[in-house]
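Since this is a predicted model, take the numbers as computed values, not measurements. Counting starts at 1 for both ligands and their atoms, in listed order.
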Amino acid sequence: MALPAFSAFQLEELLSRYEQGIDFHFAESGVDPLHLSQLLDWAGEEVRASLDATALNYPEVNGNLALRQLIADRYPGAGPENVLVTVGASEANFILAQTLLAAGDRLATVRPTYMQIWGIARNMGVQVDAFELCESAGWALDHDSLSAAVGDDTKMLAVVNPNNPTGAILSSADRAAIIAAADRVDAWLLADEVYAGAERAENAPETASFWGQYDKVIAVGSTSKAYGLPGLRTGWIVAPEALIEALWRRHEYVAVSGSMLGQKLAEVALSPTVRPKIINRTRGLIRGGFEMVEKFVAGHGNQLSVVSPQASAMCFIRTHLPISSAALCERLRVEQSILIPPGELFEAPDHLRFSSALPADYLAAGLQRFSTLLADIGEA
Ligand SMILES: Cc1ncc(COP(=O)(O)O)c(C=O)c1O
């Protein structure tokens, strides 16, 4: 079977081409990154000294045991043998697709979504079927579209929960429907949970993992989003042990291992003393940023609207404008030096993904410039 022509990951292409040197970067999907000095201040002198004494060797190829144990502790019933540490959630998703899918298979994925698995699968010759989150229902799952997207030959279902780009968290009824659909056809369920911990409400419980709710669940996590540490390039997969073995064999081809420093610092971030401080900071940035965006959107009520996100560093704003969201984002970039990904990159035209978990003065100045362009464009 001939493979389809290669399609680029357009969202990541937009970021890597334009994010350097832009005045206002509202396209990154995480919170304002944490500085090393803050992380180490929270960790204390003993940890700082032990890092100084670290040999910059390869770490354990499947992930240092101490880190795998800390990760496993967050997934009830999992042990370190259920964990593979990867180069970000990106490598995790990549090797999962490579290991579990083949040309001619079917993948069912939520839409809108972070389109990595989608694009990898398409490039492999896998048929991709979408099931929808419905904006008019507060981005709840459309159960009919789920039934239509999952067939007897579907090999994998993929969700991002909490969701990128909407910031929505699946309700327990929606989660149950997704598990039942996977179970009905004996498919894997890949739950990309990189935003768990990044809930907006101060005391919201952390979004529960799908792990443990069905025997073919794979949970993916990362230090990039809820922890504000994308530069560590450290992610993980939690899966049944036999699958971890198979993934580990792929990981040796793709990356050999992650980085020693990335893993040591991830250990610090996931430690019981430091983690609550990081999560508290993350949630503060998310709350403060969205409050400002909400006011901004309300102030442009004839041009923009938004369903409030429950989690993540961003929201998915609907545009009511005489131009497409792609054209708006292009003008924002070229005329105002503001980077925002348009909904077209999520197969959801007339939207933009706006990242706002950023320092208040930076966000205010960028929103001011955004207003200038909106005044020029006018209403639909
Ligand atoms: C849902 C989702 N999964 C995976 C990734 C990749 O993250 P990482 O930095 O861990 O590779 C991203 C990054 O934006 C994401 O939003």
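Listed by first then second residue, pairs satisfying side chain to side chain donor-acceptor pair (under 3.5 Å) with a partner in residues 50-62 read Glu60-Arg68, not counting sequence neighbours.
The closest approach between any non-hydrogen atom of Glu91 and ligand 1 is not below 4.0 Å. Contact analysis leaves Gly235 out of contact with ligand 1, as no non-hydrogen atom separation drops below 4.0 angstrom.
Atom numbering of ligand 1 starts at 1 in the shown order; those under 4.0 Å from a heavy atom of Ser224 are 8 (P), 9 (O), 10 (O). Here is the list of ligand 1 atoms found below 4.0 Å of a heavy atom in Arg233: 8 (P), 9 (O), 11 (O). Which parts of ligand 1 touch Val160 is read off a 4.0 Å heavy-atom cut-off, strictly below it: atoms 1 (C).
Between Glu193 and Ser209, the side chains place a donor N or O and an acceptor N or O closer than 3.5 Å (distance only, hydrogens not considered).
Ligand 1 has no N or O atom lying under 3.5 Å from any N or O atom of Gln116, backbone or side chain. Taking distance alone, with nitrogen or oxygen atoms compared against 3.5 Å, Glu12 stays at or beyond that limit from ligand 1.
For the pair Arg333 and Tyr18, the cation sits on the ring face: its NZ or CZ lies under 6.0 Å from the ring centre, inside 45° of the axis.
Both the backbone and the side chain of Ser90 come within 4.0 Å of ligand 1, judged by heavy-atom distances. Contacts between Ala89 and ligand 1 below 4.0 angstrom, taking non-hydrogen atoms only, involve backbone and side chain alike. Only the side chain of Lys225 comes within 4.0 Å of ligand 1, judged by heavy-atom distances.
The protein atom (non-hydrogen) at minimum distance from atom 3 (N) of ligand 1 is Asp192 OD2, 2.6 Å. Summary of contacts: the protein heavy atom closest to atom 5 (C) of ligand 1 is Tyr114 CE2, 3.5 Å. For atom 16 (O) of ligand 1, the closest heavy atom belonging to the protein is Asn164 ND2, 2.8 Å.
Taking CG of Leu70 as the reference point, atom CD of Gln263 lies at 11.5 Å (rounded to 0.5 Å). Separating the CZ atom in Phe354 from the CD1 atom in Ile340 is a distance of 5.0 Å, to the nearest 0.5 Å. The distance from atom CE of Met314 to atom CZ of Phe26, rounded to the nearest 0.5 Å, is 15.0 Å.
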Indicate every side-chain donor-acceptor pair of residues 285-309 with a distance under 3.5 Å to a residue at least two apart or in another chain.
{"unit_1": "Arg287", "atom_1": "NH1", "unit_2": "Arg200", "atom_2": "O", "d": "3.2"}
{"unit_1": "His300", "atom_1": "ND1", "unit_2": "Phe296", "atom_2": "O", "d": "2.9"}
{"unit_1": "His300", "atom_1": "NE2", "unit_2": "Ser371", "atom_2": "OG", "d": "3.3"}
{"unit_1": "Asn302", "atom_1": "ND2", "unit_2": "Glu379", "atom_2": "OE2", "d": "3.3"}
{"unit_1": "Gln303", "atom_1": "NE2", "unit_2": "Leu374", "atom_2": "O", "d": "3.0"}
{"unit_1": "Gln303", "atom_1": "NE2", "unit_2": "Gly378", "atom_2": "O", "d": "2.9"}
{"unit_1": "Ser305", "atom_1": "OG", "unit_2": "His320", "atom_2": "NE2", "d": "2.8"}

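Of the candidates Asn164, Asn161, Val160, Thr113, Asp192 forms a side-chain contact (heavy atoms from CB on, under 4.5 Å) with just one, namely Val160.
Taking 4.0 Å as the cut-off between side-chain N and carboxylate O, Asp41 and Arg48 count as a salt-bridged pair.
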